[in-house]
Amino acid sequence: MNKIAQIFQSLDYGPAPEGPEQANAWLDSHSRKFGHFIDGVWTKPGKTFSSDNPANGESLAQISDGTAEDVNAAVKAARAAFKPWSALSGYERGKYLYAIARAIQKHSRLFAVLETMDNGKPIRESRDVDIPLVARHFYHHAGWAQHLAREFPDAVPYGVCGQIIPWNFPLLMLAWKIAPALAAGNTVVLKPAEFTSLTALLFAEICERVGLPKGVVNIVTGEGDTGAAIVNHPDIDKIAFTGSTEVGKIIRAATAGTGKGLSLELGGKSPYLVFEDADIDSAIEGLVDAIWFNQGQVCCAGSRLLVQESIEERFITKLKTRMASLRVGDPLDKSIDIGALVAPVQVERIRDLMKKGVAEGAEVYEPDGQLPARGCFLKPALVTKVSPANTLVAEEVFGPVLVAMSFRTPEEAVALANNTKYGLAATIWSENINLALDIAPKIKAGVVWINGTNNFDAAVGFGGYKESGFGREGGRDGMSSYLKPAWEKDLKPAPVAKAVAAKPANPLDASHLDQTAKMYIGGKQARPDSGYSRPVLGPKGDLIGEVGDGNRKDIRNAVEASRAALGWSTTAAHSRAQILYFLAENLDYRRDEFAARIKAQTGEDGAEEVALSVERLFAFAGWADKYDGAVHNPPLRAVAAAMVEPLGVMGIVAPAALPLLGSVALIAPALAMGNTVVLVPSSQSPLSMTDLYQVMETSDVPSGVVNIVTGDSVALAKTLAEHDGVDALWFAGSADASTMVEKASITNLKQTWTSRGLNYDLSDRRFEGDYFLAKATQVKNVWIPYGA
Ligand code: NAI
Ligand code: MG
């Protein structure tokens, strides 16, 4: 038989290798040994380690292991470059970004091959997905640079940004970090992941070639220690990290109290929901992209299949058939579906997790066929017969391993989908648009794909809910992660409140007061669990009242009540606005009484504070139905609806000063956006807020939407910070206590805002706008395809 006839007989694929020659020539031209790129210069290689090709275990090059001195030199260069770089016009900065985009496109084949050799991902993916998205990212952000001043008029760049990225999308993560940082006028010190530094080094050479000013981009290679040196460097203004949740938490703790900006893009265990009316064949193809794209080493991988019971059997059978035709092998082969995992240690990690899952009762299906004799290869795996507690359901595997479970009703689908500490992404398959768009808002995740999966675009924000991190990358939201309000740098330390000594009092005087103001939990007045109360003193130390001394148990009850009241988040914005207006109006009726109460507590004439509080409630009532989302137009047949959603339950610890406005200015934006609140009012002057709940009761504020626990601010803040039922925490208080709050918040990675002992004057009308609205919300991007 001739060869063609043979091929027709077997229908086997022939090899279609992409040539490594160009990449090898580039490596050779550097003698396969690299230093760091600091201040526009290549340093002499120091102590090095090898970057390997995981498909064959061969060493590609020696990479320098960055020391604290290297990091220091890079930060110094970035600091020196910051002034001139941020002083350039947006147009000038944009031109550099544009030049980088052009150069990447021009050398896209070299970049793609090098990426595949270093990382093991199929060339089909690096060539058709990673590198085109990198170029798109720089083009997109060239535009943001030019329009910055117009679009973000009161914002300034952070300064020097430390950026630490993972190995799964080495160049793409670099682009997601560097493009917006530079567009905003920051300079950067970036550390690529230790397994995959080569395309970052090639990128540095591109920066050199396009004449990017020295020190604007610095690349320091190395391992975790090098990353930690960046995180802990005192002259870095913002840290941006993508990687494991574990390291994310370390970084959150390390940056606590430093005032450094922080964005974290962490792990996931994203659900992939298939409803019975889905186009099953498309859903199967989508699933291949969801979990076997990049060998499953994707933070937003659709690693948890949830399929409706009525179609489960048919779906799983089809899936197994499809899995059997996936080709695992040489990543440089253009017709390979699944390449190599990044490193032997990851293969081991995945195998261990699978063993554990099997020991816990899981069943694993892998298609027949041989894996290549050497290299980091694993077969695609389907895991069934699992309970929600199985390790493979709960943990991020970061490999080609899909777990499957079923559901009966849409409600059950949502409950299962949300039954995870993560919240990065989700996929929904249904031909019923009403159903799909009903489910999307109910899923706690930063990205939701409908009838598609793993779509990314520079114009569309990406980032997580819950323990998947905070901050967005891409589009307008991503730009704002690299900017801060210009006025923040001028904040002075908050005046320290004078402690007043209690006047010696006759105990009989106190007992005749007999008006310990109750706390307010779940719409009811509540006595403190401890049974104790705290004195409230007037400006001269005279006892003017008492409040409950709240403790851990009171906070727990208040959080429970707030969670039970989360229906508030889906109450129409118009209705929330009406309730806030009503509250404002009722407060205004009682303005004299409230002014007198402020005067009794602080000695200040309270009339202006009451008036401002009414005005603030009006302001946020006005915002409730206006601070909303956008529709993005990515370059494919889809729109991405950027929906502004509340964070959930917010803990709010009000400042000592401004007994009424200090609380109102913080709860009003939170409530307007649909959050429920556990409020700790001023420790010193809590009576204005315990008065206010009587006004709330007459203003139709639903039970549990605002809960008030009085007591020691710092102690209660700690309890709120440690409580996993609290999604976000705002704290106004000392620098030390702010550090404590940020550190204590790591268990569920709640988003925090702290005043760090600075004088955020809440009576300023600058706080009537998006400053707190942005902090009270998170953006979910829902991708909706079109076309028949
Ligand atoms: P990792 O989180 O340790 O590494 C990510 C980056 O952080 C690398 O550049 C690393 O050098 C750096 N790093 C490590 N320790 C650091 C520290 N203490 N301070 C500052 N930087 C530090 O992730 P790793 O160990 O490479 O992978 C382990 C697992 O993490 C994976 O199996 C996967 O489950 C998860 N992961 C998730 C990613 C995501 O995008 N969601 C990306 C990478 C890993
Ligand atoms: Mg490598």
Side-chain angles (χ1 to χ4, degrees), residues 49 51 54 63-66 68 71 119-121 162-174 176-177 189-197 199-200 219-233 236 239-255 260 262-270 293-301 303 341-354 376 378 391-392 394-401 420-425 445-447 454 456 462-464 466-471 473 746 749:
F49 58 89
S51 200
I63 306 291
S64 292
D65 191 6
V71 169
N119 166 279
K121 63 174 67 200
Q163 307 183 315
I164 297 162
I165 58 172
W167 39 259
N168 53 344
F169 294 91
L171 191 69
L172 185 58
M173 290 303 102
L174 173 149
W176 283 21
K177 295 276 179 294
V189 176
L190 177 135
K191 189 193 85 64
E194 47 272 47
F195 298 135
T196 55
S197 302
T199 47
I219 309 280
V220 179
T221 53
E223 304 185 55
D225 293 351
T226 314
I230 293 175
V231 168
N232 296 318
H233 199 289
I236 285 185
I239 297 291
F241 173 77
T242 300
S244 61
T245 295
E246 191 190 345
V247 173
K249 288 182 176 178
I250 294 174
I251 293 177
R252 164 72 287 193
T255 54
K260 282 177 187 157
L262 179 62
S263 46
L264 298 174
E265 201 267 272
L266 309 174
K269 191 77 194 180
S270 299
F293 176 56
N294 201 15
Q295 298 68 248
Q297 303 167 127
V298 181
C299 47
C300 53
S303 52
L341 288 114
V342 74
V345 49
Q346 283 300 111
V347 175
E348 276 318 300
R349 207 184 143 268
I350 295 162
R351 286 206 177 115
D352 286 349
L353 282 170
M354 286 180 74
C376 299
L378 282 176
T391 299
L392 295 171
E395 298 302 321
E396 179 177 48
V397 176
F398 230 60
V401 182
T420 167
K421 61 190 173 189
Y422 296 114
L424 195 49
V447 186
N454 272 342
F456 309 101
F462 182 91
K466 305 198 286 188
E467 289 186 39
S468 291
F470 42 75
E473 301 189 283
I746 64 168
L749 279 173

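The first residue in the sequence is number 1, and the count goes up from there. The structure presented is a predicted model; accordingly, all values stated were derived computationally and were not measured. In listed order, ligands and their atoms are each counted from 1.
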Exercise for the section: Go through the steps to decide whether Val231 and Ile250 satisfy the test side chain to side chain contact (heavy atoms under 4.5 Å, CB included), and finish with yes or no. Expected result: CA-CA 10 Å; Val231 168; Ile250 294 174; over 6 Å; no

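Given atom 9 (O) of ligand 1, the protein heavy atom at minimum distance is Ile165 O, 2.8 Å. Nearest non-hydrogen protein atom to atom 12 (C) of ligand 1 is Ile164 CG2, 3.7 Å. Among protein heavy atoms, the minimum distance from atom 42 (C) of ligand 1 is reached at Pro166 CB, 3.3 Å. The protein heavy atom nearest to atom 1 (P) of ligand 1 is Ser244 OG, 3.6 Å. Protein heavy atom closest to atom 25 (O) of ligand 1, with residue, atom name and distance, is Trp167 NE1, 4.9 Å. Closest to atom 16 (C) of ligand 1 among all protein heavy atoms lies Val247 CG1, 3.5 Å. Regarding atom 28 (C) of ligand 1, its nearest protein heavy-atom neighbour is Gln346 OE1, 4.0 Å. The protein non-hydrogen atom at the shortest distance from atom 33 (C) of ligand 1 is Phe398 CG, 3.3 Å.
Short contacts between ligand 1 and Ala228, defined as distances under 4.0 Å to a heavy atom of the residue, involve ligand atoms 19 (N), 20 (C). Those atoms of ligand 1 that come under 4.0 Å of a heavy atom in Ala193, given as number and element, are 9 (O). Close contacts of ligand 1 with Thr242, meaning ligand atoms under 4.0 Å from a residue heavy atom, involve 40 (O). Less than 4.0 angstrom separates some heavy atom of Cys299 from each of these atoms of ligand 1: 39 (C), 40 (O), 41 (N). Heavy-atom proximity to Lys191, at under 4.0 Å, picks out these atoms of ligand 1: 8 (C), 9 (O), 10 (C), 11 (O). Annotation for ligand 1: atoms under 4.0 Å from non-hydrogen atoms of Gly227 are 19 (N), 20 (C), 21 (N). In summary, the atoms of ligand 1 found under 4.0 Å from a heavy atom of Gly267, numbered by their order in the structure, are 41 (N). In summary, the atoms of ligand 1 found under 4.0 Å from a heavy atom of Asn168, numbered by their order in the structure, are 40 (O).
Side-chain contact between Glu473 and Thr242: present, with at least one pair of heavy atoms (C-beta onward) separated by less than 4.5 Å. Looking at Cys376 and Gln346, their side chains never come closer than 4.5 Å, going by heavy atoms from C-beta outward. Contact of the Gln295 side chain with the Lys121 side chain is registered, since non-hydrogen atoms from C-beta on lie closer than 4.5 Å. Taking the side chain as every heavy atom from C-beta outward, Gln163 and Ile230 never approach each other to under 4.5 Å. Side-chain atoms of Leu353 and Val401, non-hydrogen and from C-beta on, never get closer than 4.5 Å to each other. Between Tyr422 and Leu266, every side-chain heavy-atom pair lies at or beyond the 4.5 Å cut-off. Counting heavy atoms from C-beta on, the side chains of Val397 and Lys269 come closer than 4.5 Å. Looking only at side-chain heavy atoms (C-beta outward), Leu749 and Lys249 come within less than 4.5 Å of each other.
Contacts between Glu223 and ligand 1, counted as non-hydrogen atom pairs separated by less than 4.0 Å, involve the backbone only. Proximity of Gln297 to ligand 1, defined as any heavy-atom pair under 4.0 Å, is not found for any part of the residue. By the criterion of a heavy-atom distance under 4.0 Å, the side chain of Glu194, and not its backbone, is placed next to ligand 1. Residue contacts with ligand 1 for Leu266 involve N, CA, C or O but no side-chain atom from C-beta outward (heavy atoms, distance under 4.0 Å).
Put simply, part of Phe241 is less than 4.0 Å from ligand 1, judged by heavy atoms.
Considering only non-hydrogen atoms, atom 14 (C) of ligand 1 lies nearest to Gly224 out of Gly162, Ala254, Gly224.
The shortest N or O to N or O distance between Glu396 and ligand 1 is below 3.5 Å.
Scanning for side chain to side chain contact (heavy atoms under 4.5 Å, CB included) contacts around Ala425 gives Ser270, Cys300, Val447, Trp449, with sequence neighbours left out. With sequence neighbours excluded, the residues that form a side chain to side chain contact (heavy atoms under 4.5 Å, CB included) with Ala343 are Phe195, Val345.
Checking atom 4 (O) of ligand 1 against the protein gives no heavy-atom contact under 4.0 Å.
In this pair, Phe398 and Trp167 present their aromatic rings perpendicular. The plane angle is above 60°, beyond the 30 to 60° band.
If you run side chain to side chain contact (heavy atoms under 4.5 Å, CB included) between Asn119 and each of Leu171, Thr196, Thr199, only Thr196 comes through.
With hydrogens and angles left out, the side-chain atoms of Lys466 and Thr420 include no donor and acceptor closer than 3.5 Å.
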